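Presented below is the structure to which this report refers.
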Number of protein chains: 2
Amino acid sequence: MYNNTPINIALVDDHPMILEGLKSLLQQHGRFQIFSFTKGVAILDFIQENTIDVILLDIVLSDANGLDLCKSIKQKSPSSIVIGISNQAERSIIFRFLENGGNGYILKNADAQEIIQCIDKALLGELALSKEVQEIISSPSTSTFELPRLTKREQQILQAIAHGQTSAKIAESLFISVITVETHRRNLMQKFKAKNMIELVKIATENKLL
Amino acid sequence: MYNNTPINIALVDDHPMILEGLKSLLQQHGRFQIFSFTKGVAILDFIQENTIDVILLDIVLSDANGLDLCKSIKQKSPSSIVIGISNQAERSIIFRFLENGGNGYILKNADAQEIIQCIDKALLGELALSKEVQEIISSPSTSTFELPRLTKREQQILQAIAHGQTSAKIAESLFISVITVETHRRNLMQKFKAKNMIELVKIATENKLL
DNA sequence: TTTTTTCTCCTCGTATACCATGATTTTTTC
DNA sequence: GAAAAAATCATGGTATACGAGGAGAAAAAA
């Protein structure tokens with residue numbers, strides 16, 4: 001691995017700045033042969049004909065979904081190492097990426113050293129996670145909040161509340177009693193451990209439950 | 001401007017990748033002397049002692065608000081040209097940045113050519129906007145909701161409310177009367193045209209004002 | 001079919017959000 | 001230094017959210 005043959009690295013990102021940044025960070029290390037792509041489909045075509053050792057893949061692309069793309073890449077070229085790069089720091093997304101065959105995950109705020117370390121790790125067959133990603137994964141309690149499971153009715157009501165509707169209005173439009181609405185409300189607060197509905201809606205919105 | 005003296009450019013961004021990318025893009029053009037910063041306060045300190053021609057400023061920073069930072073920079077060094085760089089493509093934010101003294105605005109998906117063009121434009125005293133930014137500005141019709149501008153106090157209070165705090169608690173911790181807090185609350189609702197605080201917090205959360 | 005979950009309804013009391021209107025002082029801007 | 005904007009405090013009233021605790025019927029899961 002560390003002999004004379006250079007390591008082929010493909011960068012996939014639709015931001016020219018990031019692409020350029022990664023390129024210059026990696027070029028400083030000499031051992032890499034770098035290819036870059038701004039489109040998801042382009043990398044798929046490329047690996048059809050060529051062999052790539054490591055692919056650094058942006059999760060958010062304009063023309064494709066990084067998660068699905070990872071899967072496709074792994075199908076076409078199982079030996080290629082795929083490392084995700086993203087601003088997305090959400091547990092569930094990281095896990096889904098790894099489930100789809102990803103060999104590692106790096107946040108965009110990582111520095112040069114960390115990126116190189118991760119690539120080295122991945123080349124040795126290990127799971128390559130940046131420091132922050134490791135923290136996110138290993139602490140389900142702190143940074144990421146365990147989202148409670150909601151019933152259909154609760155979702156319905158939560159949605160209505162988030163749209164600014166009062167309990168009375170909601171009761172009216174769902175043909176149930178105001179009292180019932182308030183019970184659901186209460187249960188929702190307990191489930192989310194929120195101090196009040198405002199905090200609850202904030203949590204739900206942040207976690208895209210609405 | 002185009003003679004032998006190099007142009008001093010400061011890059012402010014908390015993502016090492018972006019920083020590195022910009023640096024290498026600009027270095028290819030030779031005429032620039034580049035300084036880079038990952039902290040907002042650092043650039044403020046720096047311009048106290050040194051003269052900078054152009055500052056490329058990320059709007060989203062970990063330790064500071066790009067909008068306020070732009071204002072501070074312009075106060076300390078009015079002759080410096082400040083160009084905003086961001087993923088944020090919202091009209092209102094762009095306008096606010098320009099109102100705060102910004103000389104231009106570029107989206108992060110801009111390519112090398114565009115960035116150089118914008119810097120050149122700004123050096124000539126013109127407003128430097130990337131293509132996409134121009135489109136956003138010239139199309140007020142789009143679905144994007146005009147975000148109201150909030151005062152410092154309003155932001156503070158909105159944030160506290162979103163954290164589930166009651167008016168009484170907020171009044172206590174800010175050393176003001178409950179009545180005042182409720183006035184701000186009322187004004188916030190009017191500004192956002194929200195039916196109640198719950199809806200307001202949802203809107204604010206969705207638009208990342210918190 | 002039994003058990004569990006979900007949805008529904010109930011009471012009572014307190015807290016506070018919400019609405020309309022107005023006014024003074026401080027700070028910022030021109 | 002004048003004008004505008006922001007922050008502060010005030011009154012008074014209505015509506016409703018919030019919190020605790022209990023309970024029966026319907027639907028889903030075992």
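Only heavy atoms go into these numbers, but all of them, side chains included; no hydrogens, no water, no symmetry mates. Proteins get letters first, then strands, A, B, ... in listed order; numbering begins at 1 in each. Small disclaimer: the values here were computed from a predicted structure and weren't measured.
- Side chains of A:E154 and A:N187: no donor on one and acceptor on the other come within 3.5 Å.
- Looking at A:I85, A:L107, A:N109 one by one, the single match for side-chain contact (heavy atoms from CB on, under 4.5 Å) with B:M17 turns out to be A:I85.
- In this entry the distance linking CD1 of A:I157 with C1' of D:dC18 reads 15 Å, nearest Å.
- The aromatic rings of A:Y105 and A:F97 lie perpendicular to each other, with more than 60° between the two planes, well past the 30° mark.
- Residue B:M189 places its side chain closer to C:dC18 than to any other of C:dT6, C:dC18, D:dA6.
- Atom NZ in A:K193 sits roughly 19 Å away from atom C1' in D:dC18 (whole-Å rounding).
- Pairing partner, C:dC30: D:dG1, with both Watson-Crick or wobble hydrogen-bond distances short of 3.5 Å.
- Side chains of A:N65 and A:K71: no donor on one and acceptor on the other come within 3.5 Å.
- In this structure, CD1 of B:I176 is placed 18 Å from P of C:dT25, rounded to the nearest angstrom.
- The side chain of B:T180 places an N or O atom within less than 4.0 Å of a non-bridging phosphate oxygen (OP1 or OP2) of D:dC9.
- Among the protein residues, B:N187 comes within range of no part of the nucleic acid, since none of its heavy atoms lies under 4.0 Å from any strand.
- In the set D:dG19, C:dC9, C:dT8, the nucleotide with an atom closest to the side chain of A:S177 is C:dC9.
- Here B:K195 does not reach the OP1 or OP2 of C:dA17: none of its side-chain N or O atoms lies under 4.0 Å away.
- Across the protein-nucleic acid pair, B:H184 atom NE2 and D:dA5 atom C1' stand 13 Å apart, rounded to whole Å.
- Between A:T183 and the phosphate of C:dC10, there is no side-chain N or O to OP1/OP2 separation shorter than 4.0 Å.
- Remark: C1' of D:dA5 and CD of B:E99 are 14 Å apart, rounded to the nearest angstrom.
- Taking the side chain of B:K71 as heavy atoms from C-beta on, and the options C:dT29, C:dC7, D:dA6, the nearest nucleotide is C:dT29.
- Counting all heavy atoms, side chain and backbone alike, B:N100 lies closest to B:L67 at ND2-O, 3.0 Å.
- The side chain of A:S167 places an N or O atom within less than 4.0 Å of a non-bridging phosphate oxygen (OP1 or OP2) of D:dA17.
- To the nearest angstrom, C1' of C:dT11 lies 12 Å from CD of A:E182.
- For the pair B:I170 CD1 and D:dT8 C1', the computed distance is 16 Å after rounding to whole Å.
- When heavy atoms are screened at a 4.0 angstrom cut-off, B:I179 is found touching base atoms of the nucleic acid.
- Within 4.0 Å (heavy atoms only), A:T166 reaches sugar-phosphate atoms of the nucleic acid but no base atom.
- A straight line from NZ of A:K169 to C1' of D:dA15 spans 13 Å, rounded to a whole angstrom.
- Among the atoms of the strands shown, base atoms are found under 4.0 Å from some heavy atom of B:R186.
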